[in-house]
Amino acid sequence: MCGIAGVVAHQNVNQELYEALIVLQHRGQDAAGIVTCEGSQLHLRKANGLVRDVFRTRHMLELTGNMGIAHVRYPTAGCSSSAEAQPFYVNSPFGITLAHNGNLTNAAALKQELFTEDQRHINTSSDSEILLNIFAHELQRLGKLKLDENDVFKAVSALHRRCEGAYAVVAMITGFGVVGFRDPNGIRPICFGVRESKLGRDYMIASESVAMDAQGFKLTRDIAPGEALFIKKNGVIHTKQCALNPRLTPCIFEYVYLARPDSIVDEVSVYKSRLRMGEKLAEKIMRLRPQHDIDVVIPIPDTSRTSALQLANRLDVKYREGFIKNRYIGRTFIMPGQQERKKSVRRKLNAIDLEFKSKNVLLVDDSIVRGTTSSQIIKLAREAGANKVYFASAAPPVRYSNVYGIDMPAVEELVAHDKTISEIEQAVGADWLIYQDLEDLFESVRKHNPKIKDFDAACFNQRYVTGTVKDEYLKEQGLNRSDEQKVQNDLDQAVIELHNTN
């Protein structure tokens with residue numbers, strides 16, 4: 001899960017890119033980067049940290065040019081080294097920069113292929129650098145000094161044939177333009193919009209439509225699975241389908257948790273889909289316990305508020321804000337280590353005792369991943385005086401690895417893996433645990449866009465939509481991406497950086 005943006009305009013685009021990253025900050029808090037193109041000159045600033053900390057006035061003044069791309073990083077693998085901050089750059093051919101959201105499932109094979117056949121060196125563990133070098137190699141094979149849109153589309157088509165997994169990409173070719181494209185399964189989101197100005201039309205590509213709203217860009221549409229969009233530096237736009245058998249299977253977790261509620265993803269309002277999730281949960285509760293004793297429904301801020309409110313309305317039960325959130329603590333789901341998540345819960349949330357005391361409380365969250373946060377919050381509710389603590393998840397049990405760009409690869413870290421509902425209930429300490437049914441979750445999203453026939457929901461049903469994920473890969477990723485390994489990676493990187501400074 002990362003956030004990407006690209007802009008081609010008739011004036012400097014640094015401010016538009018900065019504002020887009022601010023809006024997309026929820027998609028990644030590890031690192032941020034912007035690169036702009038002024039004539040044949042590139043200007044790049046990237047570093048670890050939040051957007052507001054990475055970019056100062058002096059950096060913004062240097063980021064001149066009428067086209068550029070940007071990225072906020074959330075690490076699903078590797079470590080939090082600034083060497084893996086994006087966008088990445090390769091000088092041949094033309095000078096290409098690239099930013100990417102997703103994960104390649106054949107990255108290891110591609111890295112070897114790039115070295116032995118394409119004679120290109122990969123300097124980091126990021127599969128974004130692999131994508132960049134494949135795209136660059138396919139452009140270089142054309143052997144042309146002056147590109148047109150058909151050359152760009154040929155390179156994207158070749159990239160689709162070589163790459164497996166999920167990827168939404170923005171890339172900038174120095175002196176030519178900006179290209180955005182999406183994997184043939186449309187797993188990760190990417191859209192584009194237009195803004196009319198006195199000088200002409202400006203274009204933006206972004207992970208979510210909300211990045212465009214505040215800056216006067218009007219959403220045109222999502223980039224289709226397998227499609228490429230090329231915006232020339234003069235503002236002329238071209239699109240082409242570059243995959244042989246594209247199909248739309250968006251990541252269901254975008255609607256559950258990742259995307260902002262005010263975004264439109266694949267023609268679906270994230271907000272309305274979450275309302276439906278709340279309705280479906282209420283219907284399930286009424287089926288299972290029509291004579292329930294729930295006194296109050298309380299959301300776990302922030303993502304679950306929409307579902308919780310609709311659930312309370314359908315049950316005709318009071319809705320209350322029982323937790324106050326410290327907004328200066330990051331999202332616990334995307335924190336790098338288990339111990340850090342445990343420590344952050346009590347720093348992040350404070351219970352309002354009056355809303356809990358002597359009541360049967362139904363807590364609502366968007367999902368339960370590792371269970372650490374859920375169990376800590378249930379303890380907070382009991383300490384605040386709750387009589388009984390029920391817990392509802394707007395998503396089904398997360399039992400399996402996600403290999404398409406979300407940090408849920410090590411199944412041993414998932415509280416629901418190899419457990420029954422009653423065992424999970426006991427593990428998190430709830431008096432009653434209610435999970436959303438998978439088909440109800442699908443219907444919550446599909447109701448607003450019937451053209452979506454299927455979803456990437458591998459973390460719930462272990463069905464990997466690309467059809468190329470093997471057991472060996474899952475085992476390897478589980479080892480490489482566990483919290484223990486990530487901590488070790490960060491320690492190793494700290495030693496390297498300390499050595500380099502000395």
Applied to residues 412-433, the ring-ring contact (aromatic ring centres under 6.0 Å, His included) test, sequence neighbours excluded, yields Y390-W432
Those residues at least two apart in sequence (or on a different chain) that pass side chain to side chain contact (heavy atoms under 4.5 Å, CB included) with M60 are N14, Q15, Y18, F55, L63
Hits for salt bridge (Lys or Arg N to Asp or Glu O under 4.0 Å) against K359, two or more places apart or cross-chain, chain-then-number order -> E355
Sorted by chain and residue number, the salt bridge (Lys or Arg N to Asp or Glu O under 4.0 Å) partners of E19 (sequence neighbours excluded) come out as none
Residue pairs passing the salt bridge (Lys or Arg N to Asp or Glu O under 4.0 Å) test with at least one member in residues 414-433, sequence neighbours excluded, are R382-D431
ring-ring contact (aromatic ring centres under 6.0 Å, His included) pairs touching residues 360-389, sequence neighbours excluded, are none
So the side chain to side chain donor-acceptor pair (under 3.5 Å) pairs with at least one residue in residues 261-273 (sequence neighbours excluded) are R182-D266, E208-S263, R260-D262, E267-K451
The complete set of salt bridge (Lys or Arg N to Asp or Glu O under 4.0 Å) pairs with one or both residues in residues 211-225, sequence neighbours excluded, reads R221-E227
(Q) Check this for me: Q426, atom CD, are more than 12 non-hydrogen atoms of other residues, nucleotides or ligands nearer than 6.0 Å? (A) no
Salt bridge (Lys or Arg N to Asp or Glu O under 4.0 Å) pairs touching residues 456-465, sequence neighbours excluded, are D454-R463
For residues 387-400, the salt bridge (Lys or Arg N to Asp or Glu O under 4.0 Å) pairs (sequence neighbours left out) are D293-K388
For D202, the salt bridge (Lys or Arg N to Asp or Glu O under 4.0 Å) test, sequence neighbours excluded, returns R195
Sequence neighbours excluded, the answer for salt bridge (Lys or Arg N to Asp or Glu O under 4.0 Å) partners of R287 is D437
